[in-house]
Visitor: 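Before I ask anything, here is the structure I am working with.
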Protein chains: 2
Amino acid sequence: MKDKDINITNKIRDKGLKLTTQRMIILEAVYDLGNHPTTDEVVRYVRTKNPAISQGTIYKTLEIFVKNKIISKVEKAGGVFRYDGVTQMHHHLFEEESERIDDYYNEELNDLLIDFFDKNKIPGFQVHHIKLNIKGEFKN
Amino acid sequence: MKDKDINITNKIRDKGLKLTTQRMIILEAVYDLGNHPTTDEVVRYVRTKNPAISQGTIYKTLEIFVKNKIISKVEKAGGVFRYDGVTQMHHHLFEEESERIDDYYNEELNDLLIDFFDKNKIPGFQVHHIKLNIKGEFKN
DNA sequence: GTGGTTGCAAACCCTTTGCACGGCA
DNA sequence: TGCCGTGCAAAGGGTTTGCAACCAC
């Protein structure tokens with residue numbers, strides 16, 4: 001068994017979820033596809049590994065992963081869901097026209113934000129998670 | 001003509017869009033409903049003012065307003081669109097279970113963010129707009 | 001006058017659901 | 001063995017589209 005498989009196995013088992021072939025392949029898909037895949041992209045990836053896995057299962061399984069915080073949904077207006085296998089704090093760069101979404105990591109920014117909300121509690125609201133949506137355009 | 005109507009009229013005309021009854025009522029709906037209405041909420045509001053306005057027109061018109069930056073879409077995972085009539089820089093508080101979305105205004109935070117990205121340009125990306133998604137829970 | 005807008009209704013498409021079968025623990 | 005997970009296919013529901021009639025400019 002490869003390191004990658006062990007990692008995937010643990011992610012699933014650590015949440016008390018049953019380990020099945022379907023779940024392993026679906027989680028592998030999110031990780032391997034990397035760039036915030038849509039459900040459809042996950043479906044196509046999974047097909048290449050095992051065409052017998054149904055679309056319904058993929059939809060259900062992705063939701064189970066989200067509920068168990070193994071992956072997360074990218075906040076995205078537009079009827080299509082995207083999933084994100086990165087669980088550490090990071091932000092997103094959006095380009096509207098192209099639908100492109102890149103990750104943006106910056107420790108200094110994270111510290112700045114955490115520090116800000118430590119000092120400035122929001123009345124009547126307890127913060128769990130902060131994420132910056134940065135809209136603009138990619139230049140080549 | 002009320003001040004409100006003049007304001008709405010100008011918002012539409014200033015973008016070079018034709019002024020129609022439908023557009024005025026639809027824009028009024030987004031402003032009056034206030035709290036990030038869904039398309040369906042806009043449809044219901046518009047019906048009370050003029051039942052003859054069709055749902056298709058409302059969908060098309062809201063998209064036209066977004067394209068012309070008169071209003072904006074709230075980034076939201078979930079198949080339902082929400083619209084936001086507030087154009088000044090602000091942030092959103094999300095509570096997942098309840099679907100509640102409140103606005104969060106903080107000038108100091110805005111300055112902090114603008115200053116940060118002035119000093120820390122993102123290679124290959126030009127920032128147009130920054131918005132924080134703050135997830136957590138409302139306490140009563 | 002005329003090109004953009006609207007109304008209508010059907011089509012779309014992603015997502016959800018129900019249920020019987022199958023397989024992990 | 002028991003119960004959770006899966007496959008299948010149909011239903012659901014918000015959104016989009018096409019086109020003829022209409023109307024601001």
Side-chain angles (χ1 to χ4, degrees), chain A residues 1 5 8-27 29-30 36-47 49-68 70-71 73-83 99, chain B residues 1 5 8-27 29-30 36-47 49-68 70-71 73-83 99:
Chain A
M1 203 183 226
D5 296 336
I8 288 174
T9 300
N10 289 339
K11 292 263 186 185
I12 295 170
R13 273 216 253 256
D14 289 355
K15 301 291 179 174
L17 298 173
K18 276 191 186 169
L19 186 67
T20 66
T21 316
Q22 290 86 341
R23 288 181 173 172
M24 289 192 68
I25 296 176
I26 294 168
L27 187 50
V30 176
H36 318 99
T38 60
T39 312
D40 188 56
E41 285 164 346
V42 173
V43 169
R44 283 205 296 274
Y45 178 103
V46 170
R47 285 221 194 302
K49 300 279 175 175
N50 185 339
I53 298 176
S54 79
Q55 181 161 297
T57 298
I58 296 173
Y59 273 93
K60 285 172 189 164
T61 302
L62 287 170
E63 283 309 298
I64 288 170
F65 287 162
V66 170
K67 282 208 186 67
N68 285 276
I70 297 174
I71 64 177
K73 270 189 193 172
V74 175
E75 303 291 344
K76 179 86 184 55
V80 183
F81 293 152
R82 287 174 179 275
Y83 293 91
E99 297 265 294
Chain B
M1 204 182 227
D5 296 335
I8 287 174
T9 299
N10 289 339
K11 291 262 188 189
I12 295 170
R13 273 217 254 257
D14 289 354
K15 301 292 179 174
L17 297 173
K18 280 191 184 171
L19 186 68
T20 65
T21 315
Q22 289 86 340
R23 288 182 174 170
M24 289 193 68
I25 296 177
I26 294 167
L27 188 50
V30 176
H36 318 101
T38 60
T39 311
D40 188 55
E41 285 163 346
V42 173
V43 169
R44 283 204 297 273
Y45 178 104
V46 169
R47 286 220 194 300
K49 300 281 176 175
N50 184 339
I53 298 177
S54 79
Q55 181 160 299
T57 298
I58 296 173
Y59 273 93
K60 285 173 189 164
T61 302
L62 287 169
E63 283 310 296
I64 288 169
F65 287 162
V66 170
K67 283 207 184 68
N68 285 276
I70 297 174
I71 63 177
K73 270 189 193 172
V74 176
E75 303 290 345
K76 179 86 184 51
V80 183
F81 293 152
R82 286 175 178 277
Y83 293 92
E99 297 263 296

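The structure displayed is predicted, hence computed values, not measured ones. Side chains are part of it too, since the values below use all heavy atoms of this structure and drop only hydrogens, waters and symmetry mates. Just so we're on the same page: letters track the sequence lines, and every chain starts at 1.
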Visitor: CD of B:E41 versus P of D:dT15: gap in Å, rounded?
Guide: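 Result: 11 Å.
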Visitor: Is the shortest heavy-atom distance from the side chain of B:R23 to the side chain of B:I64 under 4.5 Å?
Guide: yes
Visitor: Between the protein and nucleotides 1-4 of chain C, list the N/O to N/O atom pairs that are separated by less than 3.5 angstrom.
Guide:
unit_1, atom_1, unit_2, atom_2, d
C:dG3, N2, B:K18, NZ, 3.1

Visitor: Let me know the distance between CE of A:M24 and C1' of C:dG23, rounded to the nearest Å.
Guide: 16 Å
Visitor: Without decimals, in angstroms, what is the distance between B:I25 CD1 and C:dT5 P?
Guide: 17 Å
Visitor: Hey, could you give me the OG1/CG distance between B:T61 and B:L27, rounded to the nearest 0.5 Å?
Guide: 10.0 Å
Visitor: Side chains of B:L62 and B:V66, heavy atoms from C-beta outward: is any pair under 4.5 Å?
Guide: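 When only atoms from C-beta onward are counted, B:V66 and B:L62 do not touch, as no gap falls below 4.5 Å.
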Visitor: Taking DNA chain C as the partner, which of residues 53-65 of chain A come within under 4.0 angstrom of it by heavy atom?
Guide: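 Residues of residues 53-65 of chain A under 4.0 Å from DNA chain C: A:Q55, A:Y59, A:K60.
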Visitor: Report the residues that fulfil salt bridge (charged side-chain N to carboxylate O under 4.0 Å, His left out) with B:K49, sequence neighbours left out, ordered by chain and then residue number.
Guide: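 Scan of B:K49 (salt bridge (charged side-chain N to carboxylate O under 4.0 Å, His left out), adjacent residues dropped) gives B:E28.
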Visitor: Who passes side-chain hydrogen bond (donor to acceptor under 3.5 Å, both in side chains) against A:E63, sequence neighbours left out?
Guide: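 Once residues adjacent in sequence are excluded, the partners of A:E63 under the side-chain hydrogen bond (donor to acceptor under 3.5 Å, both in side chains) criterion are A:K73, A:Y83.
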Visitor: Which whole-number value in Å describes the distance from B:F81 CZ to D:dG13 C1'?
Guide: 13 Å
Visitor: Residues two or more places apart in sequence or in another chain: which of them pass side-chain contact (heavy atoms from CB on, under 4.5 Å) with A:D40?
Guide: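 If we apply the side-chain contact (heavy atoms from CB on, under 4.5 Å) test to A:D40, skipping adjacent residues, the hits are A:T38, A:R44.
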Visitor: Check the distance between C:dC13's P and A:D40's CG and give it to me in whole angstrom.
Guide: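 Going from CG in A:D40 over to P in C:dC13 covers 11 Å.
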Visitor: Calculate the interatomic distance between B:Q22 atom CD and D:dA21 atom C1'; express it in whole Å.
Guide: 13 Å
Visitor: What pairs with A:S54 under side-chain hydrogen bond (donor to acceptor under 3.5 Å, both in side chains), at least two apart in sequence or on another chain?
Guide: A:T57
Visitor: Answer yes or no: does a side-chain N or O of B:T20 lie under 4.0 Å from OP1 or OP2 of C:dT6?
Guide: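 True: B:T20 side-chain N/O within range (under 4.0 Å) of C:dT6 OP1/OP2.
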Visitor: Using a 4.0 Å heavy-atom cut-off across all strands, classify A:T39 as base, sugar-phosphate, or nothing.
Guide: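 Sugar-phosphate, backbone atoms only, no base.
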Visitor: Have a look at the helix from C:dG1-D:dC25 to C:dA25-D:dT1 and give the angle its two end axes make, five pairs each, rounded to 10 degrees.
Guide: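 Between the axes fitted at each end of the helix from C:dG1-D:dC25 to C:dA25-D:dT1 lies an angle of 50°.
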Visitor: Which residues satisfy the side-chain contact (heavy atoms from CB on, under 4.5 Å) test with B:V46, sequence neighbours excluded?
Guide: B:I25, B:I26, B:A29, B:V42, B:I53, B:I58
Visitor: How many angstroms lie between atom CE of A:M24 and atom CG of A:L19, to the nearest 0.5 angstrom?
Guide: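 A:M24 CE to A:L19 CG: 5.5 Å, rounded to 0.5 Å.
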Visitor: Whole angstrom is fine here: how far is it from CG in A:N68 over to C1' in D:dC4?
Guide: 13 Å
Visitor: side-chain contact (heavy atoms from CB on, under 4.5 Å) with A:K15: which residues, sequence neighbours excluded?
Guide: A:L17, A:N68, A:I70
Visitor: Between D:dG7 atom P and A:R47 atom CZ, what is the distance in whole Å?
Guide: 11 Å
Visitor: Can any side-chain N or O of A:R82 pair as donor or acceptor with the backbone N or O of A:H36 at less than 3.5 Å?
Guide: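 Here the side-chain-to-backbone pair exists.
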